[in-house]
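Note on naming: letters A, B, ... go to the chains in the order of the sequence lines (proteins, then strands), and numbering restarts at 1 for each one.
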Amino acid sequence: MQPQRVDILDAVADGASLARKRYPCRPEANHNSARKPGFYFTCWPFYNGAPTAAAVSVPEREAKWQQRWDAARLFEAEPDPGHEKYFVTFPYPYVNGYPHLGHGFTLLRAEMMARYQRMRGRNVLWPFAFHCTGTPIAAAAQRVAEREPGQLRALEQMGITGALAESLAEPQAWFEHFPERFQQDLQSLGLAVDWRRSFITTDQNPAYDAFIRWQFNRLREGDYLRKGSFPVVWCPERETVVGDHDRISGEGETPQEYCLLKFRGDASMLVAATLRPETVFGQTNLWVDGSGTYARARVDGEEWICSQQMPAKLRLQGHEVEELGTIAGRELIGQRFAAPGVDRELMVLPADFCDAAIGSGIVTSVPSDAPDDWQGLADLQDSAALCEQWGLNHKYIKEIEPLAIIDSGEFGTVPAPALCQQMGVRDQHDRTRLEKAKQQLYLHSFQHGTMLDSVGMGCAGLPVDAAREKVCAALIASGDAARYYELTGPARSRWLTDCTVKIVEDQWFLKYDDETWTARTREALGAMTLFPRKARAQFEHVLGWLRDWACAREQGLGTRLPWDEKWVIESLSDSTIYMAYYTVAHHVNSLPAAKLGEELFEALFGDGDPNAVPGINAKQVAEWRAEFEYWYPYDLRVSGKDLIQNHLSFSLFNHTAVFSREKWPRGFAVNGWVLVDGEKMSKSRGNFYTIRQLIDRYGADATRLTLCNSGEGLDDPNWEASFADTAGRKLERWLRFVAANAGSGRDELHPSDDWFAAMLSQAAHDARCACDRMRFRTAMRRLFFELPRHYRWYLRRCGTPRRDLLHDYLSTVTRGLAPIVPHLSEEAWGLLGGDGFASEASYPDGEPAPATLLRGEALVQRTHADIEAILKVARIESPQAITLLVAPDWKWQAVGLAAGLADERGRVDMQPLMKAAMAALPAAARKEAAAFLKRWVMQEIPALGPGWAARYAEQLDEEVVLEQASNFLAATFGCEVAVAPAGDATGGAAGKARQAAPLRPAIFVK
RNA sequence: GCGGACGUGGCGGAACUGGUAGACGCACCGGCUUUAGGUGCCGGCGCCGAGAGGCGUGGGGGUUCGAGUCCCUCCGUCCGCACCA
């Protein structure tokens, strides 16, 4: 679970060789050098000679709060009926390494949500567990046992040597070491997890094992499982399935289904694999490799002629095979065989593009639609000598003609010859052109082709893709063909052997393809909250696209299928509803095996009777059941976006199968993958960081702040080292600020108090809304970067802040940051005299600031900026006096008229406006009003934007506002600042006065 | 190839339902504090241009009074394409 494509898997599970393969140019770096405990903190306790508030080092402080939370059992969740719950989960990580930056980002999102919801008053359950199911740990342990150098080097890179490394030859040692270290590291990061509920998977944990068995019995009862066969990539050497990670080359190659056509002869039959069975109607001959040697084999009672590699492959694909000997390709040439699907006998001809070692070594020829076939035929028809060489009748060969079977639109009904000519194919050895022609034609006829009326088997008029399936199915049914698999390309296992395809029989599948089940799951999805909302499209697509999932393996660690013990349940299938297990994990984890029967889990999670559970009294079972009922379903599951197409969708499917509607999941949150300074993280790039390294270097809070800052949404988050470098300093500065200001301030009122109160309230409101949408980065920036700027302006305006506002400000930021940097917040909370833990305080909230409240301060800011601009343009260094001339009432009246006439885009027609103005305005102002309104409509409105009218709907007493700010402005510009009505202006100011507009006083500088 | 997401300054990234693009942070440049700094505070900072002004959200086209935002197309990046965690 929780794959990290760049994680330890690179080195541990896959071997260092694979990591090097991906990034061949980068040297390996040893990151233990970054780990110098304490070095970064040596400069921290003192700044400018002043002690920090805490007067302890950051690691000490963080450890202190972690211990206090622990001692207070703050995060140990207990049901509390009547108290609203919130249940957050993170897909348990696969524990073959230490937690790293890649885990950190996603993990922190769950963590921040858990802490946020707690502060919103919810009873939060935030548990954690460890995944051990599958092959990687087993394989890695095996490799340690075999002392494989790559594996040992990988361990060494993690700092694992000596006795510990030796011990990892046993999988059990992995289960013990890594979960423990995971927990330690995450505790050092300050995670608010209820660790009592932790567990590991597989039969190493009997309780979990029993739970998974119960789950699968339920699935089987509900008919969600089926049995079938399944093609897998196979290493014949090791006799094992080979996943992508187990390959040296050929990553991404998968089994591909072919239709294996049978051509009946007197004693034996030729077999030819094709991807285009619908073209059997156009067959004219067969191709073999004249210089090759073929195998004769008895396959399922029939005598087949095929390539020499094929009998072994057929055996792996479930056929009875007895090899009988060989036959030279040359001997086949000129013979005739009855073709499948058509009532014709075809002659075997030689072709150089046909290789006895590829596929069956025999190819059916459809010259109308296959460029290779056409060119092979053309080459023979053009050369009497060639025919003679193979003992063929040239005259007969020349009579072979392509048969039109498919209408390929603009390519015509006999496209291959035309295309070969058009592309200038010289002969059958002109591979580049032929490949190109083939690609082009196959794709085109697959998408646009229609079967002609001349074809049989009820395919006339069908689109090519439909005909393909129909023909293949019919031929198999009549015994004229068989299914056959080949890989899409060559793949080589880590054991240096070419892979092939094996059919696994009796494979168990989860029927994710089932329509009814999918519809139910769609319904579940429809009711879910998704973060971000954009992820829904992908989920919806995946539900339709998922096919039946082979849910059991013959190898690896895990839980055995209860009714078929040769099978081990695979890792994506034992991790779908286990979140329910968390609700009772601390109770059942330690139960003896005898008490872990079906009855227990049926009583806990299903319809079972608590009285029917052997060995546990009914009251106890009922209490546990009540805990499940209280906590379930989970409210949120947070993961990387790559799990949308498997784990998260599987989880949803299995919930709808096992649980009733009210227990279906409520929310998923998905995010991108962490980059490090814009680059993918990987060991081999030398930018791989474990959580431990980051904590040692930056401290938990600075690490968390940097992670929080690295991104939101589906885009890839980006860990910025430069941010991390300064994060600790920023946090310490805040703490010092709190220490220096807690409890201080004035008690008298100041005009700008209301403004700051409104800004504070607005910021709290914004942060709360952002957190509700899991936009913690936005919340953090709002409170930690933007709000302080407003505070600074406030300080400039009033000198000393009002006591209660200052306290609100400190408290708001402290609590608002608590989900992100909890240790620092606890410390600050203490300085502020807060009750209990900051972690349990209420998250700040507020109201959007009323526009009217902001207008006054906006006027001062605007005026301040205008004065600055004027001084700059006029090159005045030290003004003697500044006079602010406030617009007369009639201008407000005039603008109000314009606002009333504005349409929804804010535009105003001049004619009606003038008319209204002339009627309404005082007679004395009319002349100037015309000019003013003209300027207003032509110049101001376009600059103010569409919503301008609202800001002028109500008149502001500018004289009062500016008068109150005059001391501030005077102090700022070092001269006297007077405020006067524009109408009172005399002397030089009188000329300026005319420019005064509402919310834009005229400024006269002397 | 298919499905989904995305592409904005030197960099990370803002911009809610189309409405003055570049918030905020980093880097950088000034100024002031400072014995000196690694700290703090104030100011500047998309591009071209002396200026007025012009140009700017991957390229091209379209819808609209108005497009980073909607539509088409091309280029590029990320995730997934399965039995693997």
Side-chain angles (χ1 to χ4, degrees), chain A residues 1-5 7 9 13-14 43 46-50 91 93-96 131-137 230-233 241-246 252 254 439 443 504 507 509-510 512 532 534-542 544-553 556 570-573 575 640-647 650 670-673 675 677-678 680 709-723 725-727 729-730 732-733 769 773 777-778 780-782 784-789 792 796 868 872 903-907 942-948:
Chain A
M1 192 47 54
Q2 198 61 11
Q4 302 290 334
R5 76 159 20 160
D7 74 351
L9 288 176
D14 305 318
C43 59
F46 294 92
Y47 275 83
N48 278 343
Y94 193 77
V95 281
N96 60 345
H131 205 191
C132 304
T133 307
T135 51
I137 288 178
F230 189 73
V232 296
V233 181
V241 179
V242 180
D244 263 350
H245 293 295
D246 289 324
T254 55
Q439 291 284 327
L443 190 63
V504 177
Q507 172 63 266
F509 289 88
L510 280 159
Y512 297 142
K534 278 176 184 167
R536 189 171 293 277
Q538 178 79 348
F539 272 107
E540 276 170 357
H541 178 258
V542 169
W545 163 88
L546 277 176
R547 302 203 296 274
D548 290 353
W549 182 264
C551 61
R553 295 293 109 84
E570 129 328 307
S571 66
L572 280 168
S573 303
S575 57
K641 61 183 172 185
D642 56 328
L643 296 196
I644 294 173
Q645 28 281 86
N646 46 54
H647 167 68
F650 289 7
V670 289
N671 50 258
W673 285 113
L675 304 174
D677 289 325
K680 279 192 182 188
N709 182 57
S710 56
E712 292 174 330
L714 279 174
D715 292 342
D716 287 341
N718 185 30
W719 169 276
E720 282 181 85
S722 64
F723 187 96
D725 286 339
T726 56
R729 213 163 58 213
K730 289 186 171 83
E732 289 309 303
R733 195 194 306 163
C769 292
R773 299 175 58 200
R777 173 195 159 102
T778 299
M780 182 272 282
R781 292 186 157 255
R782 194 79 182 76
F784 199 53
F785 289 127
E786 290 177 35
L787 191 51
R789 288 176 67 87
R792 254 175 267 147
R796 287 173 70 182
E868 273 189 337
K872 197 173 171 185
D903 64 15
E904 61 209 2
R905 294 177 211 144
R907 292 183 307 190
L944 289 168
W948 73 274

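At the phosphate of B:C79, OP1 or OP2 sits under 4.0 Å from a side-chain N or O atom of A:Lys680. Taking only side-chain nitrogens and oxygens, A:Lys534 comes nearer than 4.0 Å to OP1 or OP2 of B:C6. For the OP1/OP2 pair of B:U39 and a distance below 4.0 Å, the side-chain nitrogens and oxygens of A:Arg729 include at least one atom meeting the criterion. For B:A14, neither phosphate oxygen OP1 nor OP2 lies less than 4.0 angstrom from any side-chain nitrogen or oxygen of A:Arg781. Listed pair A:Arg792 / B:C42 meets the phosphate criterion, a side-chain N or O lying under 4.0 Å from OP1 or OP2.
Of all nucleotides listed (B:C81, B:C24, B:C26), B:C26 comes nearest to the side chain of A:Lys730. The nucleotide whose nearest atom lies closest to any side-chain atom of A:Arg733 is, among B:G4, B:G40, B:G12, B:G40. Across B:G12, B:C84, B:G80, the shortest atom-to-atom separation from the side chain of A:Asn718 is found for B:G12. Side-chain atoms of A:Thr254 lie closest to B:A82 of the nucleotides B:C26, B:A82, B:C79.
Regarding the sugar-base torsion, B:G13 falls in the anti class, its angle being beyond 90° of 0.
Among the protein residues, A:Phe230 comes within range of the nucleic acid bases, having at least one heavy atom under 4.0 Å from a base atom. Heavy atoms of A:Gly672 sit nowhere under 4.0 angstrom from any nucleic acid atom. Residue A:Val241 is classed as a sugar-phosphate contact, given heavy-atom separations below 4.0 Å to backbone atoms only. Among the atoms of the strands shown, only primed sugar atoms or phosphate atoms (P, OP1, OP2) are found under 4.0 Å from some heavy atom of A:Thr135. Residue A:Ala537 is classed as a sugar-phosphate contact, given heavy-atom separations below 4.0 Å to backbone atoms only.
A distance of about 42 Å separates the P atoms of B:C6 and B:G38, rounded to the whole Å. Taking the C1' atom of each, B:U64 and B:A52 are spaced 31 Å apart, rounded to whole Å. The separation of B:A14 from B:U69, taken at their C1' atoms, amounts to 14 Å, rounded to a whole angstrom. Rounded to whole Å, the separation between the P atoms of B:G49 and B:U63 comes to 34 Å. B:A15 and B:G58: their P atoms are spaced 16 Å apart (whole Å). Atom name C1', nucleotides B:G19 and B:G25: the rounded distance is 27 Å, in whole Å. With P as the reference atom, B:C24 and B:C71 are 31 Å apart, rounded to whole Å. The gap from the P atom of B:G31 to that of B:G37 amounts to 13 Å, rounded to the nearest Å.
Between A:Lys641 atom NZ and B:C81 atom P the separation is 13 Å, expressed in whole Å. Computed from coordinates, the A:Arg547 CZ to B:G3 P distance equals 15 Å when rounded to whole Å. Spacing between atom CG of A:Asp716 and atom P of B:U77 amounts to 14 Å, rounded to whole angstrom units. For the pair A:His541 NE2 and B:G3 C1', the computed distance is 4 Å after rounding to whole Å. In this structure, the CZ atom of A:Arg789 is 9 Å from the C1' atom of B:A23, given to the nearest Å. In this structure, CZ of A:Arg773 is placed 12 Å from P of B:A14, rounded to the nearest angstrom. For the pair A:Trp719 CH2 and B:C26 P, the computed distance is 16 Å after rounding to whole Å.
Nearer the 5' end of RNA chain B, as judged by each residue's closest nucleotide, is the contact made by A:Glu786, out of A:Glu786 and A:Phe650. Take the nearest nucleotide of RNA chain B for A:Val233 and for A:Gln538: the residue whose nucleotide is more 5' is A:Gln538.
Under a cutoff of 6.0 Å and an axis angle of 45°, A:Lys730 and A:Phe785 do not form a cation-pi pair.
Across all non-hydrogen atoms, the minimal contact from A:Glu720 to A:Asp677 is CA-OD1, 3.3 Å.
Under the 3.5 Å distance criterion, with hydrogens and angles disregarded, no donor-acceptor pair is assigned to the side chains of A:Gln645 and A:Trp545.
Searching all strands for a Watson-Crick or G-U wobble partner of B:C24 with both distances below 3.5 Å returns B:G12.
In this structure, CZ on A:Phe784 lies 10.5 Å from CG on A:Asn709, to the nearest 0.5 angstrom.
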